[in-house]
Amino acid sequence: MIQFEKVVKRFGPRTILKELTLHVPAGEILFILGTSGTGKSVLLKTLVGLLRPDEGEIWIDGQEVSKFSEIEYLGIRKKCGMVFQQPALFDSLTVFENVAFGLRRHYRLPEAEIVSRVHSSLAAVHLPDASEKMPGEISYGMQKRVSLARTLALRPQVLLFDEPTTGLDPITTASVNLLIEELSRQFSTTSIVVSHDMTCALSIADRIIMLDQGRIVEEGSPDHMKRSQVPLVKEFLAEVVT
Amino acid sequence: MNSLVILNSVIDEIGSALLFFVNILKTLMRRPCSRDELFQQIWKVTMQSLVTTGLAGFFVGAIMAVQFTLQMREFGALGYLGGLATSATVREVGPLLIAFMLAGKVGAFTSAELGTMRVTEQLDAIRCLGADPLQEIILPRFLAIICASFFLLGLGLVMSIGGGILLGGLLAQVSVEEYLRHIPAIVTLSSIANGLVKCFIFAVILATVCTYKGYTTTGGAKGVGLAVVNTAVSTMVGIVVADWLTSFIADVAIRAFVGSPF
């Protein structure tokens with residue numbers, strides 16, 4: 001479904017992704033873990049064309065997309081919905097209009113279909129009554145869920161989560177993590193989750209990748225990661241134990 | 001070496017802003033923004049600056065009247081007070097004043113708004129949701145600043161004439177009729193063209209700088225603060241430099257195509 005082939009991304013003199021190669025089969029829930037600044041978010045952004053790789057290839061559904069134009073990327077962005085680290089809701093629009101935003105731009109749907117999709121997406125994130133509220137009137141955790149509903153409304157084949165639980169309290173974190181698993185299984189999507197949360201990764205992921213300084217230092221199933229001798233993985237596991 | 005690095009970064013920044021401006025023009029040609037959004041933005045920009053521009057215009061008119069009165073009394077030419085004060089406002093002070101007012105209020109507001117949208121990933125989200133931020137967000141604000149500049153210039157001029165009449169009457173006992181009498185003779189088509197050209201150029205500089213600085217903001221809340229400061233500094237410097245350039249070029253052009261600048 002998704003392949004990164006020797007992808008290199010540089011910002012000035014700093015190389016963030018160093019010949020990174022990664023394959024993600026359809027339907028998998030993949031967690032990418034790593035310390036801050038190792039290129040996790042950059043990886044997601046190169047996938048949807050918000051950043052362009054300096055070298056290497058990115059394949060999505062058999063198409064090499066790294067050289068796509070902004071117009072060509074529109075199709076990829078329909079397939080790959082991204083949930084950002086911040087809720088990134090539009091302040092001047094209601095929750096309903098926020099969720100409908102992508103539907104109105106990506107598709108020419110009748111209004112009744114848009115209304116139905118918005119309400120079903122909000123129901124899927126357990127916010128059926130929030131549609132008329134403004135983003136400023138709801139909590140940060142709710143805003144994150146609206147952001148997820150906005151992405152879900154497009155019915156993407158791939159869901160990309162950029163640190164979905166950053167800044168949330170433990171209870172909301174648990175509910176968002178549960179939601180990720182529930183929605184990924186329910187809609188049979190391929191999900192790539194960038195996170196620091198090893199506990200969540202061990203309980204939800206089909207596969208976990210540990211990224212360090214732009215390279216994959218370990219990958220495998222949750223059980224494999226629990227037995228890993230890689231120092232960075234052990235440090236993350238130590239956090240789980242404590 | 002250090003000054004070379006600074007010069008290099010300034011040239012780099014000007015180049016990037018020019019490329020951004022070209023991209024806005026390309027977007028305007030290919031995919032114009034929604035009319036509703038444009039009118040909404042024009043309304044917002046105009047209303048944001050209406051009171052300050054009106055007040056500033058009134059006092060500029062008053063200041064011009066005071067300054068011209070002091071000098072013209074000696075020549076017994078107070079009858080020309082209204083014409084000269086209005087001509088100076090139309091040609092130079094009005095466009096400059098509107099540009100500075102807009103830079104302070106709308107420029108800072110726009111760059112902070114766009115900068116916040118950038119650092120909270122709203123601009124990235126727009127791209128992911130199938131829209132073009134240049135078309136949806138930047139273009140309406142860019143065009144609104146230019147359109148609103150002309151409305152505000154008109155308002156500023158009317159208010160400055162009001163301020164001039166009041167102070168002319170109080171200070172030099174020039175009647176309203178006398179103040180207005182020479183305006184049509186002195187404020188010629190070329191004066192008005194000069195003012196309009198300057199107003200347009202200043203507005204384009206302001207709109208380009210504030211949208212560019214906001215759109216390219218990095219580094220969280222501190223970055224937004226820096227973008228606002230840089231917008232204020234860059235627009236002020238840009239407008240003053242452009243004023244000098246346009247004064248020179250416009251005078252030459254107007255002399256060549258229209259006639260006397262007065």
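Note on naming: letters A, B, ... go to the chains in the order of the sequence lines (proteins, then strands), and numbering restarts at 1 for each one.
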Q | Leading residue by heavy atom contact count with chain B [cutoff under 4.5 Å; candidates A:Cys80, A:Gly102, A:Gly75] | A | A:Gly102
Q: Pick one of side chain, backbone, both or neither for A:Leu160, based on which atoms fall under 4.5 Å of a heavy atom in chain B.
A: neither
Q: List for me each residue that meets side chain to side chain donor-acceptor pair (under 3.5 Å) alongside B:Ser111, sequence neighbours excluded, and say none if there are none.
A: B:Thr231
**Q.** Proximity of residues 47-59 of chain B to chain A, residues having a non-hydrogen atom under 4.5 angstrom
**A.** none
Q. Tell me, side chain or backbone of A:Ile76 under 4.5 Å from chain B's heavy atoms, or both, or neither?
A. neither
Q.
Counting only non-hydrogen atoms closer than 4.5 Å, does B:Leu123 touch chain A with its backbone (N, CA, C, O), its side chain (CB onward), both, or neither?
A. neither
Q | Region of A:Leu154 in contact with chain B, defined by heavy-atom distances below 4.5 Å | A | side chain
Q) Among B:Ala131, B:Ala125, B:Cys128, who wins on heavy-atom pairs under 4.5 Å with chain A? A) B:Cys128
Hey, can you dump all donor-acceptor pairs under 3.5 Å between chain B and chain A, distances included?
{"unit_1": "B:Val119", "atom_1": "O", "unit_2": "A:Gln86", "atom_2": "NE2", "d": "3.4"}
{"unit_1": "B:Glu121", "atom_1": "OE1", "unit_2": "A:Gln85", "atom_2": "N", "d": "3.2"}
{"unit_1": "B:Glu121", "atom_1": "OE1", "unit_2": "A:Gln86", "atom_2": "N", "d": "3.1"}
{"unit_1": "B:Glu121", "atom_1": "OE2", "unit_2": "A:Lys45", "atom_2": "NZ", "d": "3.4"}
{"unit_1": "B:Arg127", "atom_1": "NE", "unit_2": "A:Glu70", "atom_2": "OE2", "d": "3.0"}
{"unit_1": "B:Arg127", "atom_1": "NH2", "unit_2": "A:Gly49", "atom_2": "O", "d": "3.2"}
{"unit_1": "B:Arg127", "atom_1": "NH2", "unit_2": "A:Glu70", "atom_2": "OE1", "d": "3.1"}
{"unit_1": "B:Arg127", "atom_1": "NH2", "unit_2": "A:Glu70", "atom_2": "OE2", "d": "3.4"}
{"unit_1": "B:Cys128", "atom_1": "O", "unit_2": "A:His106", "atom_2": "NE2", "d": "3.3"}
{"unit_1": "B:Gly130", "atom_1": "N", "unit_2": "A:His106", "atom_2": "NE2", "d": "3.2"}
{"unit_1": "B:Glu136", "atom_1": "OE1", "unit_2": "A:Arg105", "atom_2": "NH2", "d": "2.8"}
{"unit_1": "B:Glu136", "atom_1": "OE2", "unit_2": "A:Arg105", "atom_2": "NE", "d": "2.9"}
{"unit_1": "B:Glu136", "atom_1": "OE2", "unit_2": "A:Arg105", "atom_2": "NH2", "d": "3.4"}

Q | Pairing residues for A:Phe101 by the ring pair (Phe, Tyr, Trp, His ring centres under 6.0 Å) criterion, not counting sequence neighbours | A | A:Phe90
Q | B:Phe151 CZ: over 12 foreign heavy atoms closer than 6.0 Å | A | no
